Chemist: 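Dropping a structure here in structure tokens format, bear with me for questions.
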Amino acid sequence: MTTSLKTIDRTRLRSLMQREEKRFADERQRSRELFTRAKHSLLSGVPMNWMVKWAGPFPVFVKEASGARFVDVDGHEYVDLCLGDTGAMTGHAPQAAVEAIIEQARRGITLMLPTEDSIWVGEELARRFGLPYWQFCLTATDANRFCIRLAREITQRKLILVFNYCYHGTVDESFITLKNGVAGPRRGNIGPPVNPAVTTRVVEFNDLDALERVLATREISCILAEPAMTNVGIIHPDAGYHDALRELSRKYGTLLIIDETHTICTGPGGYTRAHNLHPDFFVLGKPIASGLPAATYGFTAEVGERILKRMQLEDCDTGGIGGTLAGNALSLAVMRATLERVLPNVSPRGWK
Ligand SMILES: Cc1ncc(COP(=O)(O)O)c(C=O)c1O
């Protein structure tokens, strides 16, 4: 049998690309002007370095967004399939969140004192995810960092374990990959304090033998895992994987952190509730306050007791957990509005 292989005509591809880029730029004069101006005060013309990766010769500047659409400064309307990389998973500017922002902002934004909303949110998170105690911060990255610190502290073990090509935010310990079976820094890791192989062990998701080999050293404080990996395509767990992961982690005294920042889209109780997982720590950020900076981490009663045993009142504000704006009144008011009215606790499958 003969096969005819057609090769790609690169010259034609380049000219088509140039034509489309020109059309893109011609139709977005205002964005182009703003980008030119922005380059004088913002590094690479954007407020955050990832934005240079947006398609086209410059990013479109946004005028407004609502639901699943946004409009740029040149008047083009887009269906937004990115939704702020899930920060706006609830849709842009949900009415309940906007109302809560306005109401709470009038009454004070941040105090370093608790508001009653924090109790409502804690109770609701406990009901949904099955863990009794909750704390708040501003990003899922921070929530992961704090869980790692707490796990190391209460287990008095130095190492953590992650899965190959995981992403859990800008957590130094997690930027590690396997190359031909050898663990080392992930490509492009900016200014790592140490080679992450010093702090972290890494294995392939779904490889139980490799997992057990590492856990059996009894040096691992915690496993940081998404229940299904969502940042390297989607990798689902094999049948029975989570049961085995839980059993092995308990057997070797390693705590399990489940990061539900993306998999919360599974349902009102996330993947954890839908698949009956029992983590020691649970992390959720991004859409939890409709995209307003807010994140949370929960833990079991046993973990709570172990934390309290090692906390000193005098040092609690310099121990590496927290932040001036963490748990602020505005974040909690919007978290409450999001949980109560935007992502209510009802499921088409009748989950309560
Ligand atoms: C699974 C997971 N956890 C945590 C994070 C970090 O979220 P943030 O960048 O809001 O801190 C991300 C970000 O994409 C993520 O995908």
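Fair warning: this is a prediction, and the values are worked out from it, not measured in the lab. Sequential numbering from 1 along the given sequence is applied to the chain's residues. Order of listing sets the numbers, starting from 1, for every ligand and every atom in it.
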Chemist: Where on T261 is there a heavy atom closer than 4.0 Å to ligand 1, on the side chain, on the backbone, on both, or on neither?
Modeler: side chain

Chemist: At a 4.0 Å threshold, what atoms of ligand 1 neighbour a non-hydrogen atom of D85?
Modeler: 14 (O)

Chemist: Taking the six-membered ring for Trp and the single ring otherwise, decide whether the centroids of Y297 and F281 are under 6.0 Å apart.
Modeler: no

Chemist: Crowded around F24 CZ? As in, over 12 foreign heavy atoms under 6.0 Å?
Modeler: yes

Chemist: How far is atom 10 (O) of ligand 1 from its nearest protein heavy atom, and which residue and atom name does that atom have?
Modeler: K286 CG, 3.8 Å

Chemist: Answer side chain, backbone, both or neither: which part of N231 comes under 4.0 Å from ligand 1, heavy atoms only.
Modeler: side chain

Chemist: Just distances here: any N/O of D142 and N/O of ligand 1 closer than 3.5 Å?
Modeler: no

Chemist: Go through F205 and Y241 one step at a time and tell me if the ring pair (Phe, Tyr, Trp, His ring centres under 6.0 Å) criterion holds.
Modeler: CA-CA 9 Å; F205 195 62; Y241 182 69; 5.0 Å; yes

Chemist: Which residue from H262, E226, E260 reaches closest to atom 1 (C) of ligand 1 through any of its heavy atoms?
Modeler: E226

Chemist: With a cut-off of under 6.0 Å to the ring centre and 45° to the axis, is R250 in cation-pi contact with Y252?
Modeler: no

Chemist: Nearest to atom 6 (C) of ligand 1, what protein heavy atom do you find, and at what distance?
Modeler: G169 CA, 3.4 Å

Chemist: Return the orientation label for the Y271 and H242 ring planes: parallel under 30°, perpendicular over 60°, tilted otherwise.
Modeler: tilted

Chemist: Considering heavy atoms of the protein only, find what lies nearest to atom 9 (O) of ligand 1 and give residue, atom and distance to 0.1 Å.
Modeler: T141 OG1, 3.8 Å

Chemist: Heavy-atom pairs closer than 4.0 Å: do any link ligand 1 to the side chain of T230, the backbone, both, or neither?
Modeler: neither

Chemist: Heavy-atom contacts under 4.0 Å between N144 and ligand 1: side chain, backbone, both, or neither?
Modeler: side chain

Chemist: In Å and rounded to the nearest 0.5 Å, what is the CZ to CD distance from R149 to E173?
Modeler: 8.5 Å

Chemist: Could you find the nearest protein heavy atom to atom 7 (O) of ligand 1 and give me its residue, atom name and distance?
Modeler: A140 CB, 3.4 Å

Chemist: Mind checking whether W134 and F129 have parallel, tilted or perpendicular rings, split at 30° and 60°?
Modeler: tilted

Chemist: Please list the nearest protein heavy atom to atom 3 (N) of ligand 1 with its residue and the distance rounded to 0.1 Å.
Modeler: D259 OD2, 2.6 Å

Chemist: I need the D142 CG to T170 OG1 distance, nearest 0.5 Å.
Modeler: 7.5 Å

